[in-house]
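Scroll down for the structure; my scribbles are underneath it.
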Amino acid sequence: MKPSRNLLLGLCSMLALGFLYYSSGRISLRGWSHKSLYDKQGFLVKLESNLPLELLYKYDNLSEGACKPGFAAAKMTAIYPKFNKLAPIFLDPNYKRFSKIGDYSPPFGVKSHERIIDILLAATKKYGLGEELDSLSCKTCIIVGNGGILVNKSLGQRIDEFDVVIRLNEAPVKGFEKDVGSKTTMRITYPEGAIQRMERYEAQSLFVLSAFKAQDFNWLRHMVFNQRLIPGGKHSTDGFWKSVAKQVPREPSDMRILNPYFIQEASFKLIGLPHNNGQMGRGNIPTLGAVAITMALHNCDEVSVVGFGYNMSTPYAPLHYYEKIRMSAIKESWTHNISKEKEFLMKLVRAGVIQDMTNGICSAGC
Ligand SMILES: *[C@@H]1O[C@H](CO)[C@@H](O)[C@H](O)[C@H]1NC(C)=O
Ligand SMILES: *[C@@H]1O[C@H](CO)[C@@H](O)[C@H](O)[C@H]1NC(C)=O
Ligand SMILES: *[C@@H]1O[C@H](CO)[C@@H](O)[C@H](O)[C@H]1NC(C)=O
Ligand SMILES: *[C@@H]1O[C@H](CO)[C@@H](O)[C@H](O)[C@H]1NC(C)=O
């Protein structure tokens, strides 16, 4: 009796040990493979990723070319599991509920600018895209970058078919309709990038401030309350890196403040730029284009872009579609990190999260 019992116990403990050995091996194997599955930012290294089955099933019934509800967020989550869709486009009076922006100063948050923001939001009174767009159950968005790659591609008509057309800074529409379209849902700018010639503002569009510096909110206050900015005077324009618009011919109800969370997320999380204790520093400011794409991933069901990236095999092509500066004039930037940013955009294109209609992001292959 006794020996067989000992044998049994021995067998049991061997089995237990064996199991522990086996499972620990599995655990460490899984831990190891887990590490190699994701890159430093948290994106899948191997980007071929599929949609959840229930979405595939749902999309099966859609007619050709119809907007696919939830497509961009589902694709994004598939390659970047940390993605959390909830982040409204614009600040609204309840913006303080987003702790992530209260912890950082501009451009990454609103810290110590709450008072002026409260004043601005009380004056603009509107915080959405407008009734019609806000009520759509599926929105397609396109971000029109300013790249010369747009020239002579005749994409204007296709651009105008999107529900939401986003333009950046002073990029003009008039005279370029054939290539860039004529519809503008919103124009996202910072003070130095805002259109200075009043007649160039389109009649129907939201004027959206993306605040990069403390004084940008103060500038918007002058625009909202239509107060003149006097250089060197009481309302000094000092602190801007070039001359800024003195007036914006839009009603306060057509002005918005872009949620700075998108700058924070693009910089620290998605692109992986230096955190620098949450302060603006060398090479940690995403371009406005990357910020707009980040916003769209959270707020649009389908996201397309045009006019992003450069065709490196044509150094004499125009840098921007609307001026003569050549591509070869690109200088190393102190604020942006174009190559790191391009890596991020390439992931989005490669995985089919966004569609690049001018193929500039992957011009050197993806
Ligand atoms: C797709 O359409 C068919 C026929 O109209 C319907 O029976 C089916 O329930 C639909 N499937 C989904 C996922 O909506
Ligand atoms: C665009 O087309 C016009 C007219 O054909 C031509 O003069 C111009 O050089 C083209 N620009 C580019 C960048 O290809
Ligand atoms: C961009 O990022 C790369 C990699 O992190 C770094 O080597 C390079 O110095 C950065 N460039 C700028 C302008 O900060
Ligand atoms: C880049 O330019 C070359 C030379 O003009 C052209 O053959 C190629 O199609 C262009 N690539 C893109 C993505 O436009």
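Every number for a ligand or one of its atoms is a count from 1 in the order of the listing.
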Donor + acceptor pair across side chains of Gln204, Thr184 (<3.5 Å): no

Protein non-hydrogen atom found under 4.0 Å from atom 3 (C) of ligand 2: yes

Nearest-contact summary for atom 14 (O) of ligand 2 - protein heavy atom, Å: Asn152 ND2, 3.3 Å

Atom 11 (N) of ligand 2 touched by protein (heavy atom, under 4.0 Å): yes

His336 N/O to ligand 3 N/O under 3.5 Å: no

Near-ring test Phe43/Tyr80, centroid separation under 6.0 angstrom: yes

Check ion pair Arg221-Asp216 (N to O, under 4.0 angstrom): no

Proximal ligand 3 atoms for Lys340, defined as those under 4.0 Å from one of its heavy atoms: 1 (C), 2 (O), 4 (C), 5 (O)

Between Glu170 and Thr189: side-chain donor-acceptor atoms closer than 3.5 Å: no

Atoms of ligand 3, numbered as shown, that sit under 4.0 Å from any heavy atom of Gly283: 14 (O)

Close-contact set for ligand 2 against Val151 heavy atoms, below 4.0 Å: 11 (N), 12 (C), 13 (C)

Centroid-centroid under 6.0 Å between Phe108 and His275 rings: no

Asn337 neighbourhood, listing ligand 3 atoms whose heavy-atom distance to it stays under 4.0 Å: 1 (C), 2 (O), 3 (C), 8 (C), 10 (C), 11 (N), 12 (C), 14 (O)

Arg350 with Glu343: basic N within carboxylate O range, under 4.0 Å: no

